[in-house]
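The structure appears right after this line, and notes come after that.
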Amino acid sequence: MAFRFFSSKSMAQDVKTQLTELLQQALASVAPSASATPIQLERPRDPTHGDFATNLAMQLAKALKKNPREIARQLVNELPVSTLVTKADVAGAGFINFTLDAGAKTDIVKAVLAEGENFGRSTQGGWQKVQVEFVSANPTGPLHVGHGRGAAYGASLSSLLTFAGWDVTREYYVNDAGRQMDILGLSTWLRYLEQNGVDVPFLPNAYQGDYVREMARQMSIAHGAKFVRQAADVLAGTPGLPEAERADDEAKRQRDQHLDALIANAKALLGPDWTYVHQHALSEQLADCRDDLEQFGVRFDVWFSEQALFDTGLVARCVDLLEKKGHLYVQNGARWFKSTTFGDEKDRVVQRENGLYTYFASDIAYHLNKFERGFDKVINIWGADHHGYISRVNGAITALDLDAAKLQVALVQFAVLYRNGQKASMSTRSGEFVTLRELRGEVGNDACRFFYALRKSDQHLDFDLDLAKSQTNENPVYYIQYAHARICSVVNQWAGDPGTLTVADFSLLGNPRELAIASKLTEFREVIENAARELAPHLIAFYLKDLAGEFHGWYNAERMLVDDAALRDARVALAAAVRQVIRNGLAVLGVSCPESM
RNA sequence: GCGCCCGUAGCUCAGCUGGAUAGAGUACUUGGCUACGAACCAAGGGGUCGGGCGUUCGAAUCGCUCCGGGCGCACCA
């Protein structure tokens with residue numbers, strides 16, 4: 001397996017490498033003084049411009065003070081003879097266009113078939129350790145379509161990096177400490193009290209969703225009235241709620257005070273039972289979340305608990321460390337980190353006046369932990385609303401004498417969902433959001449994953465639910481899957497032994513469509529490497545669309561199962577190679593490849 | 001106000017490290033199934049790449065500026 005993989009690598013790079021070497025030789029004789037000029041080779045989009053083009057002559061024009069077309073002519077004249085190149089033309093302002101030997105191009109078919117699911121793998125990452133942290137949504141309710149985007153992106157990126165030769169750890173950071181979890185616990189308890197006939201009003205700023213009622217119901221089933229307390233005790237010392245219509249800051253503050261007082265009462269009244277209620281809500285939501293993601297084809301290697309950072313004392317240790325290094329100071333009773341030293345726009349609190357650590361403090365500890373685990377690269381996938389966070393985290397890492405360059409933050413823009421032409425509400429608290437589960441149910445996992453993968457992650461996404469529901473056949477994912485199913489059908493009717501396809505006579509693949517497809521197959525590894533470097537799995541989606549398009553065009557123009565056995569085998573081999581690359585690409589994107597549809 | 005992201009066909013979006021006549025899907029018009037799957041193909045119209053200035057052989061791409069949109073600027077998470 002390993003040597004095949006290695007041989008394919010050298011094979012596929014051969015063409016470009018060989019061309020580069022030929023050009024370097026020509027360059028050394030035409031312009032010895034500029035022999036260090038980097039050779040740039042690109043694939044022209046216009047097929048009449050050949051298979052590869054270089055702008056070398058134009059780059060040299062200024063230094064040599066000569067007409068670029070003249071330089072190009074000289075380079076072509078000095079180009080060593082090679083069986084690889086059938087034509088080298090000077091074109092345009094001074095491009096050199098190379099047309100490759102057909103046989104050199106169709107050799108790729110054999111490589112694809114020989115390497116199978118490993119075709120396209122790269123050694124680019126050098127098996128360095130990289131951590132990809134993504135989703136990391138608060139386990140306070142079901143995942144929504146925004147989380148789905150982060151999940152799809154993170155999962156595809158992780159697969160992509162694995163395919164490109166990285167040793168990837170997929171991680172979910174669980175925010176199981178802090179106020180949001182307390183609010184979820186309280187919400188559950190209030191619903192429980194309600195269901196057990198205790199007259200305590202539910203809160204507008206608690207979690208409204210039906211899943212909270214469901215958790216409360218389960219608690220009743222398992223523990224009866226064990227957690228029931230008197231309404232007067234529950235409400236003792238609370239300021240009460242302002243009128244429901246009021247949305248001013250004062251009303252908001254009062255609601256928050258009321259809620260915090262209820263949490264304090266809950267802890268006092270329930271004692272150890274509060275821990276149970278809190279944990280029950282957490283584990284239920286986390287399990288739901290994990291289940292949802294698994295059905296979406298998204299799996300994690302590590303579920304990392306924020307609470308563990310406190311329990312193991314890492315947060316305290318981390319703050320002490322910053323203190324010792326002189327990056328902290330006390331003001332107004334709170335402890336501040338001097339993030340402005342590292343380019344942040346203002347300093348940040350790590351420990352509040354009341355002694356509690358901020359989220360930022362545990363986040364610093366989390367990053368210290370990541371670095372201590374020895375990753376060569378750490379990728380955080382965050383919602384775009386967290387971008388203001390990057391500089392302070394970078395600052396903290398630098399302050400701890402760690403290499404901030406190892407951390408890369410990929411921002412994912414929000415997915416805005418449209419239903420009936422209207423923006424759908426995305427607030428978790430209001431309980432009116434569209435969940436990832438609903439989306440998957442309506443659109444299907446494959447279309448969902450592909451739709452998310454179909455755009456750059458840092459681009460805003462308009463997700464028209466009605467369109468996705470009513471016109472799923474229009475989704476480009478079916479275009480690619482259809483090409484795959486078509487090929488499966490042809491191969492089945494061909495009824496030969498697929499093992500014999502690697503020895504077909506590929507020189508029979510001579511028409512322009514066939515050669516174009518062969519070139520496209522060669523591009524696959526470049527696409528993988530480029531996408532991995534840019535953290536941009538969407539490039540694979542676009543590549544597969546192109547590849548499928550070229551296949552469909554060829555399929556409609558030429559018959560594969562012709563009488564001439566040699567030609568038939570060569571064409572089936574090319575089709576099988578397309579099928580293999582579609583499989584490999586869709587696997588990275590987490591999309592299935594049905595053999596019939 | 002400051003910072004980050006974005007502005008490409010009616011709509012949704014690609015466009016690699018600057019390259020040749022800016023692309024795809026969709027929508028619209030037309031044609032193609034007694035041949036391997038028509039969830040497909042072929043052809044056509046559709047553009048001030050938000051505006052301007054600059055860098056250079058060459059700019060959608062890089063820089064500056066203006067306009068327009070999103071997000072962020074907590075002792076919240």
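Just so it is clear: chains get the letters A, B, ... in the order the sequence lines come, proteins before strands, and each one is counted from 1. Below, all heavy atoms of this structure are taken into account, side chains as well, without hydrogens, waters or symmetry copies.
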- Task: Take atom CG of A/Asp260 and atom C1' of B/C75, then tell me their distance rounded to the nearest Å.
- Result: 14 Å

- Would you classify A/Ile390 as touching base, sugar-phosphate or nothing, given that sugar-phosphate means primed atoms plus P, OP1 and OP2, and contacts are heavy atoms under 4.0 Å? nothing

- Short question: side chain of A/Ser362, backbone of A/Glu306 - any donor-acceptor pair under 3.5 Å? no

- Counting any heavy atom closer than 4.0 Å, what does A/Glu534 reach on the DNA or RNA strands: base, sugar-phosphate only, or nothing? sugar-phosphate

- Query: Touch check for A/Glu523, heavy atoms < 4.0 angstrom, all strands: base, sugar-phosphate only, or nothing?
  - Reply: nothing

- Does B/U26 pair with anything, Watson-Crick or G-U wobble, both distances under 3.5 Å, and if so, with which nucleotide? B/G10

- Note on the structure: As its Watson-Crick or G-U partner within any shown strand, both distances under 3.5 Å, B/C62 has B/G54

- Figure out the CZ/P separation between A/Phe450 and B/A14, and round it to whole Å. 13 Å

- Query: Sub-3.5 Å donor-acceptor pair from the side chain of A/Asp569 to the main-chain atoms of A/Ala504, do we have one?
  - Reply: no

- Quick one: is A/Tyr479 getting a side-chain N or O under 4.0 Å of the B/C41 phosphate, OP1 or OP2? yes

- Query: Choosing from B/C75, B/A77, B/U17, which nucleotide comes nearest the side chain of A/Gln40?
  - Reply: B/U17

- Query: Would you say a side-chain N or O of A/His538 is under 4.0 Å from OP1 or OP2 of B/G15?
  - Reply: yes

Mind listing the side-chain donor-acceptor pairs of residues 543-550 of chain A below 3.5 Å, one per line with the distance, residues two or more places apart or on another chain?
| unit_1 | atom_1 | unit_2 | atom_2 | d |
| --- | --- | --- | --- | --- |
| A/Tyr543 | OH | A/Lys520 | O | 2.5 |

- Message: At less than 4.0 Å, is any side-chain N or O atom of A/Arg568 found next to OP1 or OP2 of B/C36? Yes or no.
- Response: no

- Message: Applying a 4.0 Å non-hydrogen cut-off, can you work out what A/Gln493 is touching in the nucleic acid: base, sugar-phosphate, or nothing?
- Response: sugar-phosphate

- For nucleotides B/A59 and B/G15, find the distance between their C1' atoms and express it as a whole number of Å. 13 Å

- Query: Does any N or O donor sit under 3.5 Å from an N or O acceptor when you compare the side chain of A/His386 with the base of B/A77?
  - Reply: yes

- A/Arg449 to A/Tyr452, cation-pi by 6.0 Å centre distance and 45° axis angle: no

- Which nucleotide, B/C13, B/C40, B/G37, lies nearest any side-chain atom of A/His552? B/C40

- Note on the structure: Partner of B/U17 under the Watson-Crick or G-U wobble criteria, both distances under 3.5 Å, comes out as none

- Would you mind classifying the nucleic acid contact of A/Met181 as base, sugar-phosphate or nothing, using non-hydrogen atoms under 4.0 angstrom? nothing

- Can you tell which of B/C75, B/C73, B/A77 lies closest to the side chain of A/Val349? B/C75

- Message: Can you measure A/Asp458 atom CG to B/C13 atom P for me and round it to whole angstrom units?
- Response: 13 Å

- Query: Heavy atoms under 4.0 Å, any strand shown: does A/Ser391 hit a base, just sugar-phosphate, or nothing?
  - Reply: nothing

- Tell me which nucleotide among B/G37, B/G15, B/C5 gets nearest to the side chain of A/Gln413. B/C5

- Query: Taking atom C1' in both B/A14 and B/C53, what distance in whole Å separates the two?
  - Reply: 28 Å

- Message: I'd like the P distance from B/U55 over to B/U61, given in whole Å.
- Response: 15 Å

- Message: When you measure from the side-chain N and O atoms of A/Tyr359 to the phosphate of B/A77, is any distance below 4.0 Å, counting only OP1 and OP2?
- Response: no

- Query: A/Tyr555 vs A/Phe551 aromatic rings, parallel, tilted or perpendicular, using cut-offs 30° and 60°?
  - Reply: tilted

- Write down the atom of A/Ala53, the atom of A/Asn97, and the distance for their closest heavy-atom approach. CB-OD1, 3.3 Å

- Inter-nucleotide P distance (B/C73, B/C13), Å rounded: 25 Å

- Message: In whole Å, I'd like the distance from the CG atom of A/Asn530 to the P atom of B/G15.
- Response: 10 Å

- Among B/C36, B/A77, B/A39, find the nucleotide with the atom closest to the side chain of A/Tyr482. B/A39

- Task: State which residues pass ring-ring contact (aromatic ring centres under 6.0 Å, His included) with A/Tyr359; sequence neighbours excluded, sorted by chain then number.
- Result: none

- Message: Whether the side chain of A/Asn97 and the base of B/A20 hold a donor-acceptor pair under 3.5 Å is what I'd like checked.
- Response: yes

- Message: Using atom C1' in both nucleotides, what's the gap between B/G18 and B/C4 to the nearest angstrom?
- Response: 24 Å

- Task: Before accepting this row, confirm whether a basic side-chain N of the pair A/Arg571/A/Glu514 lies closer than 4.0 Å to the acidic partner's carboxylate O.
- Result: yes

- Would you mind checking if A/Arg568 and A/Asp564 are paired as a salt bridge, meaning a charged N to carboxylate O distance below 4.0 Å? no

Distances under 3.5 Å between nitrogen or oxygen atoms of protein and nucleotides 55-61 of chain B:
none

- Query: Nearest of B/G37, B/C75, B/A20 to any side-chain atom of A/Tyr555?
  - Reply: B/G37

- Item | Basic-acidic side-chain contact under 4.0 Å: A/Asp256, A/Arg179 | yes

- Task: Please name all residues satisfying ring-ring contact (aromatic ring centres under 6.0 Å, His included) with A/His552, sequence neighbours left out, ordered by chain then number.
- Result: A/Tyr479, A/Tyr482

- Integer-rounded Å distance: B/G37 C1' and A/Arg559 CZ: 12 Å

- Message: Counting only Watson-Crick pairs (N1-N3 plus N6-O4 or O6-N4) and G-U wobbles (N1-O2, O6-N3), all under 3.5 Å, who is the partner of B/A38?
- Response: none

- Could you tell me whether A/His327 and A/Phe342 have their ring centroids closer than 6.0 angstrom? yes

- Message: Can you identify which nucleotide, out of B/G72, B/G37, B/C36, has its nearest atom closest to the A/Asp385 side chain?
- Response: B/G72

- Task: Whole angstrom is fine here: how far is it from CD in A/Gln307 over to P in B/A77?
- Result: 13 Å

- Which whole number of Å gives the distance between the C1' atom of B/U56 and that of B/C62? 11 Å

- Query: Considering only B/A77, B/A14, B/A38, which nucleotide approaches the side chain of A/Gln459 most closely?
  - Reply: B/A14

- Query: For A/Phe98, which residues count as a ring-ring contact (aromatic ring centres under 6.0 Å, His included) partner, sequence neighbours excluded?
  - Reply: none

- Item | Residue A/Leu561, side-chain heavy atoms: nucleotide from B/C5, B/A14, B/C36 that is nearest | B/C36

- Run the ring-centre check on A/Phe304 versus A/Tyr366 and record whether the distance is less than 6.0 Å. yes

- Paired to B/G46 by Watson-Crick or G-U wobble criteria (both distances under 3.5 Å) is none

Using nucleotides 10-12 of chain B, report all nitrogen or oxygen pairs with the protein that are shorter than 3.5 Å.
| unit_1 | atom_1 | unit_2 | atom_2 | d |
| --- | --- | --- | --- | --- |
| B/U12 | O2' | A/Arg455 | NH1 | 3.1 |

- Item | B/G7 versus B/A60 - spacing of their P atoms, nearest Å | 14 Å

- Message: Expressed as a whole number of angstroms, how long is the span from A/Phe360:CZ to B/G72:P?
- Response: 19 Å

- Between A/His387 (NE2) and B/C73 (P), how many Å, whole number? 8 Å

- Task: Provide the distance between the two P atoms, one in B/G23 and one in B/C16, to the nearest whole Å.
- Result: 14 Å

- Query: Given that both distances must come in under 3.5 Å, which nucleotide forms a Watson-Crick or G-U wobble pair with B/C73?
  - Reply: B/G1

